[in-house]
Structures are given as C-alpha cells and as structure tokens.
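Residue numbers begin at 1 in each chain, while the letters A, B, ... track the order of the sequences.
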Protein chains: 4
Amino acid sequence: MARTGKAAAEEAGARESERRKTILRAAIDVFAKKGYHGCRIADVAREAGVAYGLVYHYFKNKDELLQTVFDAGWGGFIARIREVVARDAHIVEKVHGVTQVAFEAYRVDPRGVKVIILEVARAPAGERINRQSAVGEAIQLANEMFERARDRGELRADLDPFVCAGMLFGALEMCLTALVLGLVDVQDEAMVERVQRQISDAFLGGILPTPSTGPAVDAEDAWKRDRSSTRSKTERRS
Amino acid sequence: MARTGKAAAEEAGARESERRKTILRAAIDVFAKKGYHGCRIADVAREAGVAYGLVYHYFKNKDELLQTVFDAGWGGFIARIREVVARDAHIVEKVHGVTQVAFEAYRVDPRGVKVIILEVARAPAGERINRQSAVGEAIQLANEMFERARDRGELRADLDPFVCAGMLFGALEMCLTALVLGLVDVQDEAMVERVQRQISDAFLGGILPTPSTGPAVDAEDAWKRDRSSTRSKTERRS
Amino acid sequence: MARTGKAAAEEAGARESERRKTILRAAIDVFAKKGYHGCRIADVAREAGVAYGLVYHYFKNKDELLQTVFDAGWGGFIARIREVVARDAHIVEKVHGVTQVAFEAYRVDPRGVKVIILEVARAPAGERINRQSAVGEAIQLANEMFERARDRGELRADLDPFVCAGMLFGALEMCLTALVLGLVDVQDEAMVERVQRQISDAFLGGILPTPSTGPAVDAEDAWKRDRSSTRSKTERRS
Amino acid sequence: MARTGKAAAEEAGARESERRKTILRAAIDVFAKKGYHGCRIADVAREAGVAYGLVYHYFKNKDELLQTVFDAGWGGFIARIREVVARDAHIVEKVHGVTQVAFEAYRVDPRGVKVIILEVARAPAGERINRQSAVGEAIQLANEMFERARDRGELRADLDPFVCAGMLFGALEMCLTALVLGLVDVQDEAMVERVQRQISDAFLGGILPTPSTGPAVDAEDAWKRDRSSTRSKTERRS
DNA sequence: CATGAATGAGTCTTCATTCAT
DNA sequence: CATGAATGAAGACTCATTCAT
C-alpha cells in the first residue's frame, strides 16, 4: 500500500476512535445527568456534537451503549481490584488497596462512577446487565480475599468472609454515593482523602482479630435486654 | 355496632382498601421482578387480577404507584429508624437497633426491600423521587445519631459521624442486596440472623473507641510503604 | 350476569369486531393503493378513521396486518377451490368451477384480489409469508385435481398434471392482473363474464384428450425447422 | 492495434465495466435472495465485494439499480419477444418462439428471472417501475400477435386476442414461478424441456381453430347445470 | 366501582444517500 | 476510482393515560 493510503487509514482510524470516545463520554455525562431511562439517543448525540445516526454507527443500540460504559468503567475497576486481591500481602494492605482503587476511580471520573453506581451496579431486575457480574462479581472477589485472610489468621474468627466483603463494598459504595449525590460538600481533595482513610481504618478496626476482648461486651448485654421489645414492634409492610 | 348502612359503608370501604392493597402488593412484586421501567401498568393489573383501568382509580399514575410503594416501605423503615435514634441509649444499642430494623424489614417483605433498594433508594438523577429523601434522609438520620454518640464519647475520636453513617447503611444495604439478589443461599433463618449479628459486631468493633491501640499499627506501616506504588498505577477511564 | 352487563358486553364485542373489520378493510384499500411497503401504519389508521395506536390494539404489527389480509382472502379462496376440487365431477366442470371461484373473488372484492396477487401471492423471497403456502398451495391443489382427471382419462395423456395446474392458475392470475391493473377497460360485467368464459374454454380445449389429432401437426414441423435459429440468439443476461 | 495509451484506456474502461457488472450481478443475486425491500445497499456491496459507496458511483440510487436489473433483463426479453412477434409466420411458430424465449431466459439466468417475476414484473402500485411497461408491455405485444393471427384465421374465432395473450404469459410465468420457487424438482434439463413443450402444445390446442366441434360439448352442459349453485356459494370477504 | 377500548406523543432504529479523504 | 464515516429523514412500535359504558 502507498504511504499516503496507509497514513490516511491510520488517521481515519484515529479519528474513528476519537468519535467513538466522544460519544461514549457524552453517554456517560448524559446518563449521569438524566439517567439511562431518562435520556434519549438524541441527547447523547447532541452532547457529543454528532449526528443522530452516528451513535448507531458505533453502537448497536442504546443498551450496548450502556453496556460499553459499564464494561469500560466496571471492567477497569474490577481489574484493579483483582490486582490488589492477588497480592501476597496482609489483609490490612489489601483493604487499603481496594479502598484506594475505589476512591481513585471517583477522583478520576466522578460522573463515570455515578453512572456505574446508580445505573448499572444494581440494575433493576430484568435488565440486560447481569447484576451478578457487577455487584456479585465484586463481592465474590472480596470474598476470596477475606477467605485467604481468615486462613492466614488475619481475620476475626467469628466473621464470615462474605459478610466482610459486603460490608467493605457497602461502605465504599454508600460513601461514594454520598459524594456523588452531593450529600457531602466535597470542597477539597483533603476531605475525600479523609473519608477514604476513615473507611479503611474503621473497617479494619472491625474485622481484625482483637487481642483483648474489647469494649463490646457490656454493650452486648444492653442489646440483649432491648431486643425483644424492638422486634415486637415490627409490622408487615403493606 | 349497627349492622345496617354504617356496616355496609365500612364493608365497602374495606373492600376498596382491599383492592388498593392488592394492587400495591402486585406493584411491589412486579417492580421487584421486572423493575420499574421494565414493567407496564398492564403487568401490575394482571398480577393483581384487576382490570387495566382500575389501577388509575387508586393511583394517579405509574409514578404515584412507585411513590406509594416507596412511601409505605421506606417511610415505615425511616420511622422505625427514627424511633431507634431517638432512644436515650448507648450507640451500641442504637446500632444494634438500626440493624435489627433493617433485617426485620427484609424478613417481613424481602421483595419490598428489593424494590426499595434497587428502584428508589438511589433513583437516577432526574427521577421523581428525591434521593435526598431516600438514601440522604437515612444518612442524615444516622449522622445525627453518630454525632450525639461522638459528643458522648462513645465514638472513636478520629471518625466523622457522617462516614459512620455511610458505612453502617452501606454495609446493611450491600449485605441485604446480596441476600435479595440471591448471592447468598438463604436456606435458613439462622443464616440471616448470623449475618445480622456479624454486621453489628464488626461495625461496632470499628467505630468504638479502642482503649488499647490495637493491632492496626504495624499494618498501617505496611500500607504506607506500599501506597505510592498503588496510586501511581491508576489510569484514566476511557 | 345482569341483563344490562351482558347486553353491554355484546354491544362492545360487536363494536370491537366492527373496528377490527374497519381497520382490515382500510388496510386492504391502502395496500391496494400504495403497496405494502409504500404505506405507513398512519395511512391505514387515517383510512380507517381511527387513532394510530388502535391498529396495534388489534394487530400485533404491520406484518400481522398483511398476514391477516392474506389469510382472510387467500384462505377463503383456497377453501372454495378445495371444495370444487373435492367434487366428484368431470374435469370440465371442475375447471369451470375453479375459474368461477377466481372471477367471483374478483367481482366481490377486486382490491382484495389486487393485494393478494401483487403483495402476497408471490411475496419476494425472505418475506414473512411463505410462498409455498400461497402459489404453491394452489398449484398443489390443482395438481391433485388434474392427477385424478388423468387417472380417469379426462386429460390428454401427454400432459403433466402439474403443468396443467400451472397453466390454469397462470392464465387466471394474469388475466385478473390485467383487469386489476386496468389494462383492460372493464366497462361492464359482460366483459368480465366473457373473459372468464374464454379462459375456461381455451384452457379446456388445450388439455382435453383430442379424438382426432387435430391441426397442431404441421405447425409442429414449422416449429422444429425454426427452432435452432431462435435458440442461438439467446445471450447471457449481464 | 497500438498497445499504448489507447489500450490502457480500454483496459480501464473494461475494468470499470467489470465493476459495474459485478455490482449488477450482486444486486440480482441479493434481490433474488432477500427481495428488493428486504435488502440494503450494504448487502449488495458486500455480495459484490466492493465498498459501500462504490455502488453510488455506478448507480444513482437503489431504484436505479433495480431499474437497471429490470431494463437489462426485461428489456432483452421483450426485444426477443418482439423479434418473434415480428416474424412473418404462423401463430403456431410464434407461440413456440415466445415460449422458447421465456424458457431460454430461465435456463440462462434463473435468478434473474426470479427477480423480474417477483420484484418488478408486477411491482406494487405506487412503485417506481411502471407496470404498463412490464406485464402490460408484454401483454400488449402478444395482443398484437394474436390479433394478427386472428385476422389471418389462425385463431379460434370466439377468442379475444387479449385473453390469449394473458393466458400465454400467465401460463409461462406461473410455470416458471414454480420452477423458480423450487416447487418442482428441476433435476434435469429434460424436465424443463418437457414443461416447455407441454405449455406450447396445450396452449395451442386451446386456441387454434378446431375443425371438428370437439369433445367439450357435453361437458359444457354439465357445467351449465351446475353453475348457479356454485355461484350462490360465494360469500363476502371479511 | 370496573372495564378495556381508544388515543397519540415519544423514542428507538433503520438505511438510503452524501461527502471528505 | 474507492472508501466508509457521517447525516438525518422516515416510520414502526410502545405504553401511559383517558374515557365512554
């Protein structure tokens, strides 16, 4: 092939990739702003500054667009989590690592995280995206991590690894949700940093084996005394 | 009581209320099965075994249906949470109380919880339900709880109440999500009980003030040594 | 059930059927006027004087609409043909019967016949309607008819029943096409009658066993003499 | 001939013509396979192994593509028919000639014939191709042929030339349709030959003047006795 | 109260056609 | 000539909502 043709092709390829990225970026922004169901392809096209039909040149349909957003974002996230989990390190380091990955994702692309959390991470039942490959996948991964930690004696003996996994990701997700939804004024980077650190620390404080029995003892008694009364108050939801 | 007009009217009222409840119940089930956007009014009507248009007798529109599901479920939940928070008790008891409320809701109506969590708790931006009255409301409530606890010295000094709130609800929500999505085999009530207990304990272990410095110290060092390398690995999202 | 409810239901049922028929009729007319691909659902709705969406209340989609037109028209046609074929009668009577059925269909609903012939009878390959259940079905039917006639000695011995079938339906279809397309001025009913009679007669004249060898003999010689020259002229289609 | 510039130009021209033919051939095949409306330009391009836009270099638009297919195929067909009609020969020879032309077309390019028959010969009303230049044109041509035959006394006196024309082309078209649609196993060339011969013979048997009154007489009586009953059975189309 | 036929605005999706390279 | 990215008009289809009975 001639030099020109090749160069042109490369340039075209680059431009194509450019366009595709533009559209994907626009989709993330629009999804973050109006939600998946609340936006039209036209919105994405307008946001991307391209013609209506071009979206369909790069993506089969609206669903695939969301899928791609999901795959790119969540896939990268999971990959980094996996890398942390695979390390041969103490659970303390791993928890810090997971937390770091989650917050770094937020710092790099808060709107992307918003879409992942709000639209796909727990996509409503019956939707295209399999939740077991989203939340479930993450939990499974963390589950393995905590299982190994337990086997190495790095975990409180009375805790199920699966519960630890749920708690860690739950804490991360909910706190990021709070940031994402603007429930917390994220004036400065320091604040985010601070939240991140607290999550790691508090979580670890709860799951590491405690040499001394700790302070939870008497509290437990208070709880037991109160429990039945609380329970009886529960009614069925209409 | 008279058995005449008044009784008839009551009976009629009761029957109406019955219908309404039937439809609401059907809505919860259908939302849980196919998601809010994935179902049609016709689905709700079929599930309830009533005629198409009857849904509109009892509910202004599809949104109000979801709102009502939300209000009934979430409203009740929040009310019970509020009751727990209002108690003059140690934070340990309160945390146990909040956890108990959440799990009791799951035990009583798992599908209702599913809908709340998946459909409305963090309804995508631009949707009818104000998220600040969902997740935000709960977090705010817990925030106050932890603030008071901090003021009473029941909380680790280095923790923001708001982070504690996020962590608690995050842990609860994620673990319930796991149950709700069937990620965990919920063969028996004992398993649920066990998960509930672990969440309380682990969470409390992380947030209560520690008399002894605890075991986290050397781990922290390991973390600090590793941190920068982890950080540098973060790449941009496409 | 109360008298009123029943009457209302019946009335409603009748009205529904009425609407459905109206739409079907409109579809036939619009298909006849603009062709299946050339018309929009909106055209059908407008022609029927109903709202857009109502078409979808009675028919799953555009295709089903065409299918229904086809089933109603062609199904009835085939049924009548089948009745004629089943008669225990001389092939002469049967051919007259088949011809009569075809022309009667045209007299009763020329536009319906037009749609059947132009749009579905030989729907282009890859289309929804299986042609083998259209043209093929008719030919198969006639084929059986002529097979029996041959067995009874009512057919020229040198003719394949299948060819007879093709010739009969071909003649009918082409002549009806001519009428339908307005290639012939159909001023009066007498003209149509006349065409019908001629088709039967000429066709029968060609397929009935000839006592005397007839006049075709020397013609055959002329043909043979000419044949090779004609053939050599054929070129390939680009 | 020089081997320089002129040859190069010719070669270029030939190559262009080659491309054009490739595309046209691809169009015929794709139309035959999926129908005109059922295929996209992309399908044609893929089949031809050329780029998307190249089709538009050689053909103004999709319609022109079909038009060209039609013109090439039908035009050639009509031209040959015209040649046969123009001969100064007995109607017997001419009918054999017309039949021969039709079948030869099928032998040379069955898919081309398929497209002509299914897609354009009776293009639905409102379509680009004027039907009077397709079926109508052929019928008109044959009409003249039979008119002349009638004037020369070569035709049964009671037949309209126009009906003869319709019957001949109808028989040809329907039998070719049967071949084209695979309704008949066309294992061998002999079968096709056989069908061709039978059509000519049977058709001629029906339209040539019969010296003796022939065998149709009593059949006619049976028909007349039966007719009214058949007629009364006609019902309305839903 | 109940019913479900009727309405029609809102969107997705397709695909012929153009155009810059 | 060739390519295929870009355009956008056209139209099928959905489904929330209304309304007459």
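Nearest nucleotide to the C/Tyr56 side chain, out of F/dT17, F/dA12, E/dA6: F/dA12. You'll find that the side chain of A/Tyr58 is closest to F/dA6, out of E/dT7, F/dA6, E/dT3. The side chain of D/Asn61 approaches E/dT17 more closely than any other nucleotide in the set E/dT17, F/dA6, E/dG4. Which of F/dA16, E/dT3, F/dT7 sits closest to the side chain of A/Leu54 comes down to F/dT7.
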Applying side-chain contact (heavy atoms from CB on, under 4.5 Å) to B/His57 and B/Arg19, what does each step give before you reach the verdict? CA-CA 10 Å; B/His57 257 288; B/Arg19 289 283 214 182; over 6 Å; no
Assess the residue pair D/Ile41 and D/Tyr56 against the criterion (side-chain contact (heavy atoms from CB on, under 4.5 Å)); give the C-alpha distance rounded to whole Å, side-chain angles, the decisive distance to 0.1 Å, and a yes or no. CA-CA 9 Å; D/Ile41 290 291; D/Tyr56 284 88; 3.7 Å; yes
Check the pair C/Leu24, C/Tyr58 against side-chain contact (heavy atoms from CB on, under 4.5 Å), reporting the backbone distance first and the verdict last. CA-CA 9 Å; C/Leu24 211 47; C/Tyr58 290 106; over 6 Å; no
Kindly determine whether B/Arg20 and B/Thr68 satisfy side-chain contact (heavy atoms from CB on, under 4.5 Å), including the steps that lead there. CA-CA 11 Å; B/Arg20 196 187 145 90; B/Thr68 307; 3.7 Å; yes
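Paired runs in DNA chain E that reach 3 or more consecutive Watson-Crick or G-U pairs, where each pair keeps both distances under 3.5 Å, cover E:2-21 with F:2-21.
Heavy-atom nearest nucleotides on DNA chain F were determined for A/Val50 and for D/Tyr52, and the one closer to the 5' end corresponds to D/Tyr52. For B/Val55 and A/Lys60, each mapped to the nucleotide of DNA chain E holding its nearest heavy atom, the one lying further toward the 5' end belongs to B/Val55. DNA chain E is contacted by both B/His57 and C/Ala51; B/His57 maps to the nucleotide lying nearer its 5′ end (nearest heavy atom per residue).
Closest approach of A/Thr22 and A/Ala48 over heavy atoms only: CG2-O, 3.6 Å.
B/Tyr36 carries B/Lys62 over the face of its six-membered ring, with the cationic atom under 6.0 Å from the centre and within 45° of the normal.
Regarding A/Asp63, its CG atom lies at a distance of 16 Å from the P atom of E/dT11, rounded to whole Å. Between A/Arg20 atom CZ and F/dA5 atom P the separation is 12 Å, expressed in whole Å. Counting to the nearest Å, the P atom of E/dC12 and the CZ atom of A/Phe59 are 15 Å from each other. The nearest whole Å value for the distance from the OH atom in C/Tyr36 to the C1' atom in F/dA12 is 10 Å. Look at NZ on D/Lys62: it is 15 Å from P on E/dT14, rounded to the nearest Å. Summarising the geometry, the separation between CD on C/Glu64 and P on F/dT14 is reported as 12 Å, rounded to the nearest angstrom. Spacing between atom NE2 of C/His37 and atom C1' of E/dC15 amounts to 13 Å, rounded to whole angstrom units.
In this structure a side-chain-to-backbone donor-acceptor pair under 3.5 Å is present from C/Lys114 to C/Ala32. Judged by distance alone, with hydrogens and angles left aside, the side-chain atoms of A/Asp43 form a donor-acceptor pair with the main-chain N or O of A/Arg40 at under 3.5 Å.
Within residues 40-47 of chain C, no residue has any heavy atom under 4.0 Å from DNA chain E.
Side chains of A/Val115 and A/Arg111 form no contact here, defined as non-hydrogen atoms less than 4.5 Å apart.
Phosphate contact (OP1/OP2 of F/dA2, side-chain N/O of D/Arg19, threshold under 4.0 Å): present.
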